[in-house]
**Q** 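Sharing a structure here in structure tokens format.
For clarity, every value in this text was computed on a predicted model and none was experimentally measured. All values below were derived from every heavy atom in this structure, side-chain atoms included, with hydrogens, water molecules and symmetry-related copies excluded.
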Amino acid sequence: MKIATWNVNSLTVRLPQVLDWLAAQAAAGAPVDVLALQELKLSDDKFPAAALEQAGYSAVWLGQKTYNGVALLARQPAAEVQRNLPGFADEQARLIAATYHTGGTDAQPLRVVGAYFPNGQALGSDKFAYKLRWLEALRTWLEAELARHPRLLLLGDFNITFDDADVWDPVGLHESIHCSSVERAHLQALLALGLHDAHRLFEQPPKSYTWWDYRQLGFQKNRGLRIDHILLSSALKASARACQIDRAPRKNPQPSDHAPLWVQLG
DNA sequence: ATGACGGAAGTTTTCCGA
């Protein structure tokens with residue numbers, strides 16, 4: 001099982017790259033089973049379900065015009081689809097969860113939670129307060145969700161770094177947005193529910209990032225942040241075989257500012 | 001200097017992202 005996440009920064013613009021990337025993974029002998037997408041930036045009626053179906057992926061999605069929007073693509077049909085956080089009134093499309101019955105050696109179904117965490121803009125702003133409220137609502141819901149679904153992944157664009165190893169300039173960005181101790185405490189609170197950072201289960205190259213600023217040659221200078229994550233429940237941790245960030249799509253013409261990352265479960 | 005770059009809405013500029 002290969003499960004991936006990618007903030008595409010407009011699925012309208014990036015659909016050809018998503019299809020190319022999925023085809024390239026399959027051609028390399030390791031097809032993607034589930035792909036979580038964030039920042040679709042399109043309304044539900046504009047979602048390219050037919051093109052994805054043609055590529056062998058059934059999708060569920062929660063769209064929004066201009067901003068946000070999330071989807072799950074999979075080679076199996078989705079069950080028990082949940083859109084946004086129950087009990088948390090939210091005008092922004094940020095979360096979608098589904099259950100996949102993978103068959104084969106995976107006897108138990110897999111619960112996949114794809115999320116686009118709020119950015120937060122700046123500490124002390126209204127958007128930061130919203131980010132903290134959203135994080136608390138997520139933690140509360142996830143606690144119950146984990147009890148119902150022991151084999152669970154939470155993946156997507158978290159907009160939070162774990163620590164300074166995830167930051168290209170820890171001094172310059174000290175206690176700034178995505179790097180603050182307040183945000184990091186919320187991320188640790190998710191781990192405390194019994195989740196594990198898939199990336200850190202394996203040896204990784206130094207300065208591994210998933211996002212680079214479009215400006216000032218950020219990618220070329222590897223001035224980035226690791227803010228996209230895949231968290232595995234304890235029941236899945238032992239089955240993890242590899243976890244990688246794929247920088248190749250960031251080198252495309254008209255790239256997303258984020259790179260995809262994936263985990264292989266044995 | 002709160003910029004740059006890119007996407008979207010929609011119109012010559014603004015909002016937002018991270």
**Q** Would you kindly compare A/K65 and A/Y116 by the position of their nearest DNA chain B nucleotide and give the one closer to the 5′ end?
**A** A/K65
**Q** Taking atom P in both B/dA1 and B/dC16, compute the distance separating them and give it to the nearest angstrom.
**A** 23 Å
**Q** Would you kindly check whether a donor in the side chain of A/N119 faces an acceptor in the base of B/dA18, or vice versa, at under 3.5 angstrom?
**A** yes
**Q** Taking only N and O in the side chain of A/T66, is any of them less than 4.0 Å away from OP1 or OP2 of B/dG7?
**A** no
**Q** To the nearest angstrom, how far is A/F158 atom CZ from B/dG17 atom C1'?
**A** 18 Å
**Q** Is any side-chain N of the basic residue among A/D44 and A/R83 closer than 4.0 Å to the acidic one's carboxylate O?
**A** no
**Q** Can you tell me, in whole Å, how much space there is between the P of B/dT12 and that of B/dT2?
**A** 23 Å
**Q** With respect to the phosphate group of B/dA8, does any side-chain polar atom (N or O) of A/N9 fall under 4.0 Å of OP1 or OP2?
**A** no
**Q** Is the distance between the ring centroids of A/H199 and A/F162 under 6.0 Å?
**A** no
**Q** Hydrogens and angles aside, do A/Q38 and A/T5 bring a side-chain donor and acceptor to less than 3.5 Å of each other?
**A** yes
**Q** Is the shortest side-chain N/O distance from A/Q254 to OP1 or OP2 of B/dC5 below 4.0 Å?
**A** no
**Q** Does either side chain, that of A/K131 or that of A/N119, offer a donor lying less than 3.5 Å from an acceptor on the other one?
**A** no
**Q** In whole Å, what separates the P atom of B/dA18 from that of B/dT14?
**A** 22 Å
